[in-house]
Amino acid sequence: MATILEIEDLSVHFPINIGTVCAVEGVDLQLEQGEVMGLVGESGCGKSTLGFSILRLLRPPGKIVGGQILYHGQDIVRMNEKEIISLRGNRIAMIFQDPLTSLNPLFRIDEQFIETILTHEQGLDKEEAFNRAEKMLENLGISPERLLEYPHQMSGGMRQRIMIGLGLILNPDLLIADEPTTSLDVIVEAQFLDLLNDLRRQYDLTILLITHNLGNVAQLADRITVMYGGTIAEIGPAEAIFQEPLHPYTQGLLSSIPNIKLDQPKLMTMPGSPPDLVNPPPGCVFHPRCSHTMDICRHEKPDVSKRDGHLVRCWLYR
Amino acid sequence: MGNLTRYVITRILLTIPMVFILLSIVFVVLRIMPGDPVSSMLGGHAPESVIEQKKEELGLNRPIAIQYLDYLWQICRLDLGESMVFKQRVTKAIIEKLPATIELTAFGMIITLFLGILMGAYAADKRRSAQDNLIRLYGIVIFCIPVYWLGLMLQLGFGVWLDILPIAGRTGPRVLASTFEKTGFYVLDTILAKDFFALGDVLIHLVLPSFTLGLVLSGIFVRLTRANMLDVLRADYIVAAEARGIQHRKIVYKYALKNAFIPILTMMGLQIALLMAGAILTETTFSWPGMGRLLLERIYLRDYPTLQGVIIVFALIVATVSLIVDIIYAIVDPRVRY
């Protein structure tokens, strides 16, 4: 399997008036061709920031301050504006949390498709672009007549399908899905995940699925990355992560999912709250909330330990 | 579109009470104001009997309630009456002057929108840069400048010192008045007559007055556009468009500006009244023979019927523009339903 995306030692900082938020700190991550990588973690752990950095879509004051992002060997961090724009939507697509606000309300669906297509394929005319959009809609299970409608005339699930259609219309090989089902109801969510699974095979997609919903990743992901406080806690095959989590944070995360089969009197919760990323705790960022804290955790950052395809950053596995 | 028709009809019907209320206020205010048409016509030294005779002639000696009802009845017959000072129908005076004012305000509005929207959008795109600060400063300063003072300064600068632009009137002496008999809109008339020398002359006379009017109001639109653009540029669909590789300039000036345009449109409807008020001052500064000058002249003469007529026309213009703005809404924003 070829590596499609290789993130090395990436750091993203947000200088604000009270200091610098180290949203992503020294992250290494590799995506293999054709896999679905689930990226999970709680709000504010830097997972969305990581997703936005891949397309260099960080809003100011956010900035990539170090490291590289290699897409098929080319470093995205050092690309000029023109090069990065030709990747966006064309080779790497991204879909967002809220399909209700991700489509421009004043333009018809077909206009948004045509604009996207013609931006990247100058040789095409409007009619060809329109036909392509029609095919895409059929493929997504939406009647092609709806191309002539405005976003507000569609339901949330349909708009999310349109979003993914806009993302895939140019046959990208990498899709970054930033919490794509957060604002959908459970039934629509399940349908959407099924669709994503179909499309993945059809388009031979590599997907980075960013979510805080472990159920989502369980359904789709081949591998899972767990992020905590701007760093990666653990990366491993999905099964291994669910059945044998190594990092205490992952263990805590999994045991705080309600399970209908277990006869728990009370749901497990993790003590403490997410770290302050302006003044992150010294040593391991998780140590203040960890139940296995050792002396070394308090003042030294843990290294990566490898255990058969399973990477973990924790002193327990030294 | 059946709903739209019903909406338009309702709005038109609603202007009737609006004009009625305005008219009543103007009627009362004019008569409370010191002075009256007779004394302004005859001067202070006319004999009592002459004054009385003149008052009777104009119907001013009748009880005010009777005069009021009489005037209302006249308006109901769509008759604005006759000037009390000159032998002239009010309608005729207004028709003569109205095109000049419409031409001036239209050009003023174009300049306001053009400058205001472009500068506002640019400032929002380059938020917190030196250009942004400069444009914001411009927005505040220009709005604080009184129209007449700005007019005088522009006259001084471009008319006197640089001597490149005319400072008064709608045309120069070398253009024949007969060119303008068709519509009274000089720009239109000269185009219709294919007289491009005259068109140039007319346009050059429009520059200073319309810039004076346009610059002052552009400040509001700079600030409004900037604020709305900042909101829109933060919206998810802008990031999503960027993630699809659409060029930044296109996103800002096509995608975002169209979205930010909706509140700007509202403002346009509201500002039209301010623009009319500005036109009165601008016309005075630039000896522009329009409704503003007419209004001012007739206030000196206490020419009640003409004043009332001019104010009705101003009110109708404001009402019409805001109606048009409401209709444009539905065109720009597909979500708007009436």
Q.
With a 6.0 Å cut-off (strictly less than), is the heavy-atom count around NZ of K250(B), excluding the residue itself, greater than 12?
A. yes

(Q) For the CZ atom on F314(B), are there more than 12 heavy atoms of other groups (residues, nucleotides or ligands in this structure) within a distance under 6.0 Å? (A) yes

(Q) Quick test of your reading of the model: are E242(B) and R56(A) salt-bridged, counting only N-O distances below 4.0 Å? (A) no

Q: Mark yes when over 12 heavy atoms from residues, nucleotides or ligands other than F143(B) sit less than 6.0 Å from its CZ; otherwise mark no.
A: no

(Q) I'd like to check E115(A) versus K254(B) (side-chain heavy atoms, cut-off strictly below 4.5 Å). Are they in contact? (A) yes

**Q.** Full working for side-chain contact (heavy atoms from CB on, under 4.5 Å) between V239(B) and R59(A)
**A.** CA-CA 9 Å; V239(B) 187; R59(A) 301 277 107 177; 4.0 Å; yes

Q) Out of D333(B), I246(B), I238(B), V332(B), which one racks up the most heavy-atom pairs below 4.5 Å with chain A? A) I246(B)

Q) In this structure, are over 12 heavy atoms from other groups packed under 6.0 Å from E127(A) atom CD? A) no

Q: Identify which of L87(A), I95(A), T116(A) forms the greatest number of heavy-atom pairs closer than 4.5 Å to chain B.
A: T116(A)

Q) Contact part of P172(A) toward chain B, heavy-atom cut-off under 4.5 Å: side chain, backbone, both or neither? A) neither

Q | Contact listing (chain A partner; residues 255-270 of chain B; heavy atom under 4.5 Å) | A | Y255(B), K258(B), N259(B), I262(B)

Q) Just wondering, are more than 12 heavy atoms of other shown residues or ligands nearer than 6.0 Å to CZ in R159(A)? A) yes

Q: State, to 0.1 Å, how close A243(B) and L57(A) come at their nearest heavy-atom pair, and which atoms those are.
A: CB-CD1, 3.5 Å

Q | Closest heavy-atom pair and its distance - N104(A), Y237(B) | A | N-CB, 3.5 Å

Q. Which atoms of R127(B) come close to chain A, meaning under 4.5 Å heavy atom to heavy atom: side chain ones, backbone ones, both, or neither?
A. side chain

(Q) Which heavy atom of L106(A) sits nearest to which heavy atom of P334(B), and what is that distance? (A) CD2-CD, 3.7 Å

**Q.** Q112(A), part contacting chain B, at a heavy-atom distance under 4.5 Å
**A.** both

**Q.** Portion of L166(A) that has a non-hydrogen atom of chain B nearer than 4.5 angstrom
**A.** both

Q: Go through the atoms of L233(B) and report whether side chain, backbone, both or neither lie under 4.5 Å from a heavy atom of chain A.
A: backbone

Q) Is H120(A) reaching over with its side chain to a backbone N or O of R244(B), donor-acceptor style, under 3.5 angstrom? A) yes

